[in-house]
Amino acid sequence: MSDNHDNSLHELPLEFVQSIANSGGGCDGQAIIPTDGGTYICWCSCGEWTYEAVTSDEGLHAARRHTGSVVAMA
C-alpha cells in the first residue's frame, strides 16, 4: 500500500475543509446539505455555484454537472 500523504482521502475532515478553504476558489469541494425544509442546499468551494435540490441524488448530480464530471441531460 502506498504511503501517499497528499491524497485527500487520507485527511481528517477538518484538514480537508481547510485545504479547500485555501485552494483559491477552485472547484475542489462540493457539499450537499439537508435543510430543515426537506430540501438540500448544494454549494461549491469555487464560490460561484449554489443549487437547491429536492433529493440528495439530484444535488450530487447537479454538483457533478457543475464540475464537468458528467454531461447535462438534454
Item to check | Validation row: Tyr51, Cys44 side chains within 4.5 angstrom (heavy atoms) | outcome: no
Checklist entry - Can you find a pair of side-chain heavy atoms, one from His66 and one from Cys42, that are under 4.5 Å apart? => result no
Next on the checklist: Going by the rule side-chain contact (heavy atoms from CB on, under 4.5 Å), which residues pair with Thr50 if we only count those two or more places apart in sequence or in a different chain?
Outcome noted: Trp43
Checklist entry - Which atom names give the shortest non-hydrogen contact between Thr67 and Cys27, and what distance separates them? => result CG2-CB, 4.2 Å
Next on the checklist: Holding to side chain to side chain donor-acceptor pair (under 3.5 Å), I want the full list of residues that pass it with Tyr40, two or more places apart in sequence or in another chain.
Outcome noted: none
Checklist outcome for this item: The side chain to side chain donor-acceptor pair (under 3.5 Å) partners of Thr39 (sequence neighbours excluded) come to Thr35, Glu52
